[in-house]
Structure formats: C-alpha cells, structure tokens
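Just so you know, these numbers come straight off a predicted model, no measurement behind them. Basis for what follows: all heavy atoms, side chains included, without hydrogens, waters or symmetry-related copies.
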Amino acid sequence: MTYLPNPNRYKSMPYRRCGKSGLMLPAVSLGLWHNFGAIDVLQNARNILRLAFDSGITHFDLANNYGPPPGSAEETFGAIFKDDFKSHRDELIISSKAGWGMWDGPYGDWGSKKYLVASLDQSLKRMGLDYVDIFYHHRPDPETPLEETMGALDLIVRQGKALYVGISSYSATETEAAIAVLKQLGTPCLIHQPKYSMFDRWVEGGLLNVLGEKGVGCIPFSPLAQGLLTNKYLKGIPEGSRAASHRGNGAIEEDAITDDKIAKVGKLNELAIKRGQDLAQMALSWILKDDRITSVLIGVSKPEQVTDSIKCLENLSFSDDELNAINSILG
C-alpha cells in the first residue's frame with residue numbers, strides 16, 4: 001500500500017536550532033542503532049519509520065556498523081526509503097557515521113581518510129542516497145592526526161557527499177580541538193553526539209560548556225540507558241527485552257541490570273508519576289530541559305514507543321525540588 005504521510009506532521013513537533021547553524025532538528029529524533037538489522041522484522045521497521053515521520057520526526061540517525069550484522073540497518077533503511085520516503089528526501093535529515101570496526105584489514109576502522117571516505121561511499125550505496133545530511137566521525141582515533149580525520153570530513157563535504165559534519169564521543173578537550181581544525185578548514189562542526197542519560201552524566205563535566213560556547217549542537221544517544229530508564233526492568237528482565245536478547249553490537253546485557261540500578265529506577269519512577277509522566281518520558285524531558293541540547297535520539301523496538309516518547313515534550317520544566325530529588329536518587 002502506498003504510504004501517504006500525515007499532512008499535520010509538522011504541527012506538534014518543536015524544532016530546535018542546531019548550535020549557531022541554519023539547521024533545525026526535531027526535539028526528538030529516531031536512532032536506528034538497534035531493531036533495524038537483518039535479524040529484525042522489516043515491516044516493524046517500516047511501521048516505526050512511518051509513525052516517526054507522521055509525528056514530525058524528520059531526523060533518522062544511522063551508522064555504518066548498525067545492524068546486526070554491520071551495514072544491515074542502512075540496507076533496511078535504504079529499502080524503506082526507496083518505497084516510502086524517496087519523494088520526501090528534502091524533508092529528511094539523514095545521518096551516518098564511521099569510526100568503529102567495519103571490515104577486516106587496516107582500512108576498516110578508526111579515523112584515517114582512507115577509511116572515512118570509503119565507508120561513506122559504502123553507506124550511500126546501502127541507503128540508495130546521493131548524499132547524507134550529516135556525517136560523523138564516530139569516535140576519537142588516538143593514532144591518526146586530528147588534522148587528517150577532520151580533513152577527511154572537510155573533503156567529504158566538498159565532494160558533495162555530506163552537507164554537514166559532526167563528531168561523536170569526543171571528550172571536551174578533543175571536541176575543542178576538532179572544532180578549531182574544522183573551523184580553519186572552512187567546514188564548521190555542526191553537532192556532537194555523546195552518550196548522555198541520568199546514569200551517564202559525563203558531558204556535564206565540560207563538554208556541554210564547550211558546545212554552548214562554540215555554538216555546536218548536541219544530540220545525545222542512549223538517553224534511556226538502553227531501556228534501563230523505563231519501567232521495563234522494574235520487576236526483572238522480561239523475555240524479549242533488549243537485555244535478554246543478547247544482540248551484541250553494544251546492546252545492553254543482563255549484567256547491567258543491577259539491584260542498585262533497579263532501586264534507583266523505582267524511586268525515579270515514583271517521581272515521574274508525580275509529574276504526570278512515565279519514567280522514559282521524564283528521562284527524555286530531563287535531557288531536553290537544557291537549551292544546549294538540540295535533539296535527543298530515541299531507539300524503539302515497536303511503533304507505540306515512538307508515540308510514548310514524544311509525550312515527553314508535554315512537560316519539559318523541572319522544579320528545583322524535582323531536580324534535587326533526582327540528584328539525590330542518582331547519588
């Protein structure tokens with residue numbers, strides 16, 4: 001059946017400026033790290049993407065190694081894009097990344113110009129695209145000169161294979177250096193994608209300050225700690241959950257579900273209920289309360305989780321008492 005997007009899709013989703021750039025991103029974006037691989041159900045992936053776009057989510061975030069197996073999330077997206085979204089390409093912000101191991105040999109990992117250029121060429125073929133809107137270096141490479149890695153990002157933009165570039169998982173100091181090199185090259189750093197959640201607050205130790213001062217956007221991944229900051233694990237590890245699936249590719253495992261974490265989740269859940277939210281909604285709202293955050297990436301395994309996540313936008317304000325209570329729970 002031909003997909004016809006919701007004509008009212010832009011009426012309820014707020015869009016935030018990405019740093020000091022001209023680009024606006026939806027407050028909630030969709031990540032395809034898990035649940036879009038060859039091992040997953042294609043129709044479910046299609047339903048998720050359709051509902052996301054119908055809800056005003058215009059940004060789909062991928063990487064070369066998403067799956068499993070690596071590359072298959074881009075292939076899945078490419079197949080759905082061809083059928084459903086090709087005529088809406090100019091309404092979409094599609095991103096990919098390279099920086100983790102993708103193929104054997106010395107040219108399939110880290111941050112060399114050889115790897116980044118070759119990887120993006122492969123990603124474009126898998127997705128059936130002429131260009132991506134944002135291309136990231138996925139992690140810092142301690143062995144490759146920063147000038148080479150950032151030079152590769154600059155080259156990719158000048159080749160017309162990406163409109164913007166970003167970095168992921170760089171420390172505050174590394175980020176400041178990368179921003180300076182890219183500025184000198186004439187291709188500014190648009191955005192940083194760090195891991196950030198109530199359980200992983202490292203970005204508050206300097207990175208957010210750098211991004212705010214330099215006018216670079218921020219789009220956190222794993223804001224729900226891969227489902228831990230939801231009500232999913234309050235009574236143990238349910239069958240079919242991510243922790244029980246042993247997916248690999250960085251997915252949460254059972255040993256991450258500790259008694260201490262579950263105790264904290266229970267207390268956070270009680271606070272969320274008082275706010276009129278579920279825990280996942282509060283965890284997303286907590287990140288979006290900071291105006292240095294451009295968007296937050298959600299990862300979902302079923303369409304209804306898209307709808308549930310977006311409801312976080314109904315209450316983004318926190319009282320001092322609520323913030324103090326959260327900090328006290330987290331320790």
R126 side chain vs A73 backbone, donor-acceptor pair below 3.5 Å: no
Would you please classify the geometry between the F53 ring and the F85 ring as parallel, tilted or perpendicular, with 30° and 60° separating the classes? perpendicular
Would a hydrophobic clustering, with Ile, Leu, Val, Met, Phe, Trp and Tyr connected at side-chain separations under 4.5 Å, put L32 with L124? yes
For a side chain to side chain contact (heavy atoms under 4.5 Å, CB included) check, start with the C-alpha distance between H34 and Q226, then their side-chain angles and the critical distance, and finish with the verdict. CA-CA 10 Å; H34 300 293; Q226 297 201 56; 3.6 Å; yes
Side chain of N65, backbone of M102: donor and acceptor closer than 3.5 Å? no
Salt-bridge test for D121 and K125: reply yes if a basic N is under 4.0 Å from a carboxylate O, no otherwise. no
Backbone N/O of I57 and side chain of S55: donor-acceptor pair under 3.5 Å: no
Checking R17 now: which residues fulfil salt bridge (Lys or Arg N to Asp or Glu O under 4.0 Å) with it, not counting sequence neighbours? none
Side chain proximity check, V210 to I179, heavy atoms < 4.5 angstrom: yes
Do F221 and K195 come within less than 4.5 Å of each other through their side chains, counting heavy atoms only? yes
Is the distance from the ring center of Y196 to that of W286 below 6.0 Å? yes
Could you walk me through whether T58 and M13 pass side chain to side chain contact (heavy atoms under 4.5 Å, CB included), step by step? CA-CA 10 Å; T58 53; M13 174 63 67; over 6 Å; no
Got S197 and L229 here, is their nearest side-chain heavy-atom distance under 4.5 Å? yes
Is the side chain of K97 donor-acceptor paired with the backbone N or O of L62 at a distance under 3.5 Å, no angle test? yes
Side-chain contact test, heavy atoms from C-beta onward, threshold under 4.5 Å: evaluate it for I298 versus L30 and give yes or no. yes
Can D154 and K113 be counted as an ion pair, charged N to O under 4.0 angstrom? no
Sorted by chain and number, sequence neighbours left out, side chain to side chain donor-acceptor pair (under 3.5 Å) with T175 holds for H192
Using modelled atom types only, decide if a donor and an acceptor are shared between the side chain of R16 and the backbone of I293 within a distance under 3.5 Å. yes
Could you tell me if N64 and S123 have a donor-acceptor pair between their side chains, going purely by distance under 3.5 Å? no
With a 4.5 Å heavy-atom cut-off, do D133 and H59 have their side chains touching? no
Output for pair (Y164 OH, Y131 OH), nearest 0.5 Å, gives 10.0 Å
Could you please spell out the steps behind the side chain to side chain contact (heavy atoms under 4.5 Å, CB included) verdict for R139 and D109? CA-CA 10 Å; R139 63 169 171 169; D109 200 352; 3.0 Å; yes
Linking I/L/V/M/F/W/Y whenever any side-chain heavy atoms sit under 4.5 Å apart, do F318 and I273 land together? no
Does the side chain of P194 come within less than 4.5 Å of L207's, by heavy atoms? yes
As a quick check of understanding, evaluate side-chain hydrogen bond (donor to acceptor under 3.5 Å, both in side chains) for D308 and Q281, giving each step before the final call. CA-CA 7 Å; D308 183 68; Q281 291 162 359; 2.9 Å; yes
State whether the side chain of S285 and the backbone N or O of N315 hold a donor-acceptor pair below 3.5 Å, judged by distance alone. yes
Please find the pair of heavy atoms, one from L330 and one from K264, that lie closest to each other, and give the distance. O-NZ, 3.1 Å
Taking T76 for its side chain and S72 for its backbone only, find out whether a donor-acceptor pair lies under 3.5 Å. yes
Derivation of the side chain to side chain contact (heavy atoms under 4.5 Å, CB included) call for Y233 and K261: CA-CA 10 Å; Y233 299 107; K261 285 274 174 62; over 6 Å; no
Sidechain N-carboxylate O distance under 4.0 Å for R46, D83: yes
Taking side chain as C-beta onward, heavy atoms only, is T230 less than 4.5 Å from L279? no
Is the closest side-chain heavy-atom distance between V132 and M127 below 4.5 Å? yes
